[in-house]
2 protein chains.
Amino acid sequence: MESRSQRLALITKIIQNEEVDSQDKLLQILNSKNCSVTQATLSRDLKLLKVFKRPTRDGRYLYSLSNAAPEQKPNIAKSSSSMDGFLSMEMSGNLAVIKTVPAFAQPISQAIDDMDMPSIISTIAGNDTILVVIRNGFTGTNVAQDFAHYFPEIANKIK
Amino acid sequence: MESRSQRLALITKIIQNEEVDSQDKLLQILNSKNCSVTQATLSRDLKLLKVFKRPTRDGRYLYSLSNAAPEQKPNIAKSSSSMDGFLSMEMSGNLAVIKTVPAFAQPISQAIDDMDMPSIISTIAGNDTILVVIRNGFTGTNVAQDFAHYFPEIANKIK
DNA sequence: TATCAGTGTGCATATTTATGCAGCCAATGT
DNA sequence: ACATTGGCTGCATAAATATGCACACTGATA
């Protein structure tokens, strides 16, 4: 085996047909097929091929070709206007209820979750309403304070 | 941050929202969010979540949630537990809040409703959060017990 | 021919990730 | 109460993977 491109093709075939979980293992298979390289070169080959280790159902990781791997959608960056559409917030027991302009509940809910406020377990959003679940040991006042701190632009809309 | 399941939920969120390419980097982000663990624990967490490093178009590798990989989706129903994607459950007053891997809230919510647990009136699900409304006369402890009974595989994720 | 640029490689080592082991803690059984 | 079990963790270190550097080879160019 002399050329790199031939070796790359061979690697592709091996990864498709066998359960390879380390470069050393791949190295052995290649050696047994008359192809002699070092682990360092293999590492570079795999990067060229965009090979990656995929999790299996039983908790292992095996090398896999990335042809089908889609780009992960990055979340839209938060802007200073992430509270656009916020209308009001009112406390009720261990819940805070936020009303928004219709269709704005989801993005606002996401923005709130992203802040990881200590007083909030999580939020859940419909179309124009968000439920904010307050963590045990905190009060609506705590939540109001946290909101005023993280989102000062809506501090005056909290009851 | 005290419980492992909560940390797992936080990790999924970080991996979705940021470009993480090493456990050390993830470690720093967690630390900045008041969550202190070692790299060793992180390695175990990532294996539990079946996180893997996905190749990007520009030749880098970033951590990614394996449940977002589409080729695995068609098989989920037949070969996975209905509690796949369940991350954590925390009580708050007459509610229990379940955090899931994104997009898993709806099916898990359905599975819970289907059990007709005596301690639960109903559930409502967003994208990665489920609210469980506890029936009058029951407590969060009752709900936790019911969950442990009906879904023993997630008993250890209940706070 | 001489020189240069680019590619490919091994070696040694750095970086990154995984794990054996022991200890802690909470839950459970006797 | 005491012992036991199992989950979770950190520490130290092993295992796995990536890379800086030097060198060899090729093809293009003056």
Taking distance alone, no hydrogens or angles, what donor-acceptor pairs closer than 3.5 Å link side-chain atoms of residues 97-109 of chain B to residues at least two apart or in another chain?
from, atom 1, to, atom 2, distance (Å)
B:K99, NZ, A:S122, OG, 3.0
B:K99, NZ, B:T129, OG1, 3.2
B:T100, OG1, B:A105, N, 3.4
B:Q106, NE2, B:A125, O, 3.2
B:S109, OG, B:T123, OG1, 2.8

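Atom P of nucleotide C:dT15 and atom CG of B:L27 are separated by 17 Å, given to the nearest angstrom. If you measure from atom CG of A:L30 to atom P of C:dG10, you get 12 Å, rounded to the nearest angstrom. Atom pair A:Q6:CD and C:dT7:P shows a separation of 19 Å (rounding to whole Å applied). The distance between atom CZ of A:R60 and atom P of C:dT19, rounded to the nearest whole Å, is 13 Å. Nucleotide D:dG7 holds its P atom 15 Å from the CG atom of B:D45, rounded to whole Å.
Heavy atoms of other residues, nucleotides or ligands lying less than 6.0 angstrom from CD1 of B:I124 number 12 at most.
In this structure, a donor-acceptor pair under 3.5 Å is present between the side chains of A:D114 and A:Q110.
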Inset, instruction - Determine, for nucleotides 14-24 of chain D in 5'-to-3' order, which nucleotides have protein heavy atoms under 4.0 Å from the base (write B), from only the sugar-phosphate (write S), or from neither (write -). - result: --SBBBB----

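Checking the phosphate oxygens (OP1, OP2) of C:dT9, a side-chain nitrogen or oxygen of A:R7 falls inside 4.0 Å.
Taking A:Q145 as the reference, nothing meets the side-chain hydrogen bond (donor to acceptor under 3.5 Å, both in side chains) condition, with sequence neighbours excluded.
Between B:F52 and A:F52, the distance separating the two ring centers is shorter than 6.0 angstrom.
The distance from atom CG of B:D45 to atom CD of B:Q39, rounded to the nearest 0.5 Å, is 11.0 Å.
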